[in-house]
Amino acid sequence: MKPKTLYAEPHRRFNPLTREWILVSPHRTQRPWSGQLETAQASPSLAYDPECYLCPGNQRAGGARNPDYGSTFVFINDFAALKPEVQPARLDESGRGLLLSESEAGICKVVCFSPRHDLTLARMTVAEIAAVVDLWANEFAAIASLPYINYVQIFENRGEIMGCSNPHPHGQIWANQTLPDEPRKEQESQQAYARQHGACLLCDYLQLETQATSRMVAENAHFAALVPFWAVWPFEILLISKAHAPNLVSLDPAMREGLADILKQITTRYDNLFDVPFPYSMGFHQAPTDDEAHPEWHLHAHFYPPLLRSATIRKFMVGYEMLASPQRDVTPEAAAAILKNLSATHYADRKPR
Ligand code: H2U
Ligand code: ZN
């Protein structure tokens, strides 16, 4: 069957990175909606908020005071989910793995992207974002060198709808002893693909998408942003490094600037989709830091935004998604076309008509 016919009907798509299937139901957005509406979040108007625990010079909830920082700032999370010092232990209470637990050591940090309370990545300059990329790379290297750390997760939650506690531009780094499930699935898939085809999964995939162009959203010399063939979230984006690099540390200055540029392009288009600061969870997937060689690993980032039809109508991952399989309502190709055709100029910078 031709893709055109297959993709117009309910069908399944395979995610080769996780080796999981998703259900695509192209016509489902036509159904009426009388469900929950979110309130669209407005941009903060203050460049400095005396009540904000991330603004320069302010006191944090944990009691510490932020320095008067002028660019980026990183600190150990005052309410860290993971801690460096834990007593190593493993317990199998039933002897059959039914009540199994293990100690887990790790470290959690908070990264402020800018001293300006009212900015977001989309509203920062490429040079300012490049400073964040440098900080991510330096933190990755420093945390990776800790002997008890085998995996470093850099991420950002944006918007109240994603559980972000503060509009001040910031992200987090959680790093730990064991490889968590999502990167573990991707690692096993990349290893299996490399064994079977003698090539890199994401290098091959990127080549296909560069030829097809129907899912490409934005590109520069060093990075490509696309709605992956197997996207689950309506406006999900996969950001892929054009070079076969295992992590941020291995990017040269030009590549880092390319990353900063594409991050601005993605977040600007996202904000322009519904003319609101667009909520999402994003994060980088990089090779584990376990002192093994990881030739199979290809640096990439996932953007998972929750919105579906407007600033106030979100996609719920409930019911069938919780119990059976993730499902999406618009095709990835339709979502990519919408995102690609949005202005590359942020709505706040557009002249009033
Ligand atoms: P989110 O907004 O993405 O939840 O991140 C904020 C993090 O900042 C959160 O993990 C930490 C919280 O524990 N935090 C501090 O470390 N110090 C504070 O004073 C408040 C919040
Ligand atoms: Zn602030």
Side-chain angles (χ1 to χ4, degrees), residues 38-86 104-125 128-129 131-133 135-136 139-140 142-143 146 149 151-176 180 182 233 236-237 263 266-267 270-271 276-285 301-307 314 317 348:
E38 312 288 335
T39 39
Q41 209 183 329
S43 307
S45 51
L46 294 171
Y48 167 75
D49 178 352
E51 300 297 316
C52 168
Y53 56 77
L54 298 178
C55 273
N58 288 2
Q59 188 147 16
R60 296 206 299 273
R65 188 171 289 281
N66 298 327
D68 196 13
Y69 64 98
S71 167
T72 56
F73 170 53
V74 59
F75 60 92
I76 302 227
N77 198 311
D78 298 305
F79 308 94
L82 292 154
K83 303 194 166 184
E85 265 113 52
V86 289
E104 182 71 30
I107 183 167
C108 295
K109 290 189 160 187
V110 179
V111 178
C112 297
F113 298 162
S114 163
R116 285 269 304 269
H117 186 80
D118 56 339
L119 294 185
T120 61
L121 288 178
R123 309 288 293 130
M124 289 163 62
T125 64
E128 286 166 345
I129 302 171
V132 178
V133 172
L135 179 131
W136 280 334
E139 283 296 321
F140 180 90
I143 295 170
L146 298 170
I149 294 296
Y151 181 73
V152 181
Q153 182 60 59
I154 296 173
F155 65 98
E156 180 193 12
N157 286 325
R158 266 203 56 71
E160 283 166 19
I161 189 176
M162 292 310 284
C164 178
S165 59
N166 186 330
H168 194 110
H170 71 282
Q172 299 193 46
I173 304 175
W174 292 24
N176 60 317
E182 287 304 312
W233 294 93
E236 178 174 335
I237 280 182
L263 287 171
I266 294 170
T267 52
Y270 271 167
D271 283 6
V276 290
F278 199 69
Y280 58 76
S281 273
M282 74 78 76
F284 292 93
H285 277 153
H302 298 278
F303 284 78
Y304 299 133
L307 295 182
R314 64 169 295 161
M317 289 290 175

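Order of appearance sets the numbers: ligands from 1, and atoms from 1 within every ligand.
Here C55 contributes SG and C52 contributes SG, and at the Zn ion (ligand 2) these two atoms make an angle of 110°, given to 10°.
A donor and an acceptor atom, one from each side chain of N58 and Y48, are located under 3.5 Å apart. For T267 and Y280, the side-chain atoms include no donor-acceptor pair closer than 3.5 Å.
At a 3.5 angstrom cut-off on N or O pairs, Q172 counts as close to ligand 1. Between A61 and ligand 1, at least one pair of N/O atoms sits closer than 3.5 Å.
For ligand 1, the atoms lying closer than 4.0 Å to a non-hydrogen atom of C164 are 2 (O). Close approach to F75 involves these atoms of ligand 1, each under 4.0 Å from a residue heavy atom: 15 (C), 16 (O). Atoms of ligand 1 found under 4.0 Å from any heavy atom of G62, numbered from 1 in the order shown, are 19 (O).
For H117 (side chain) and L54 (main-chain N/O), no donor-acceptor pair under 3.5 Å exists by modelled atom type. Put simply, the side chain of N157 never gets that close to the backbone of C164: no donor and acceptor are under 3.5 Å apart. Between the side chain of E128 and the backbone N or O of T125, at least one donor-acceptor pair lies under 3.5 Å. Judged by distance alone, with hydrogens and angles left aside, the side-chain atoms of N176 form no donor-acceptor pair with the main-chain N or O of I107 at under 3.5 Å. Checking side-chain atoms of Q153 against main-chain N and O of I173 turns up no donor-acceptor pair under 3.5 Å. No side-chain donor-acceptor contact under 3.5 Å links H168 to the backbone of N166.
Closest protein heavy atom to atom 21 (C) of ligand 1: Y53 CE1, 3.2 Å. Counting protein heavy atoms only, atom 12 (C) of ligand 1 is closest to N77 OD1, 3.6 Å. Nearest protein heavy-atom contact of atom 8 (O) of ligand 1 is V110 CG2, 3.7 Å. Regarding atom 15 (C) of ligand 1, its nearest protein heavy-atom neighbour is D78 OD2, 3.4 Å.
The nearest N/O/S atom of H117 to the Zn ion (ligand 2) is ND1. Nearest N/O/S atom of H168 relative to the Zn ion (ligand 2): this is ND1.
Among R60, K109, R65, the single residue meeting the salt bridge (Lys or Arg N to Asp or Glu O under 4.0 Å) criterion with D78 is R60.
Contact analysis leaves Q59 out of contact with ligand 1, as no non-hydrogen atom separation drops below 4.0 angstrom.
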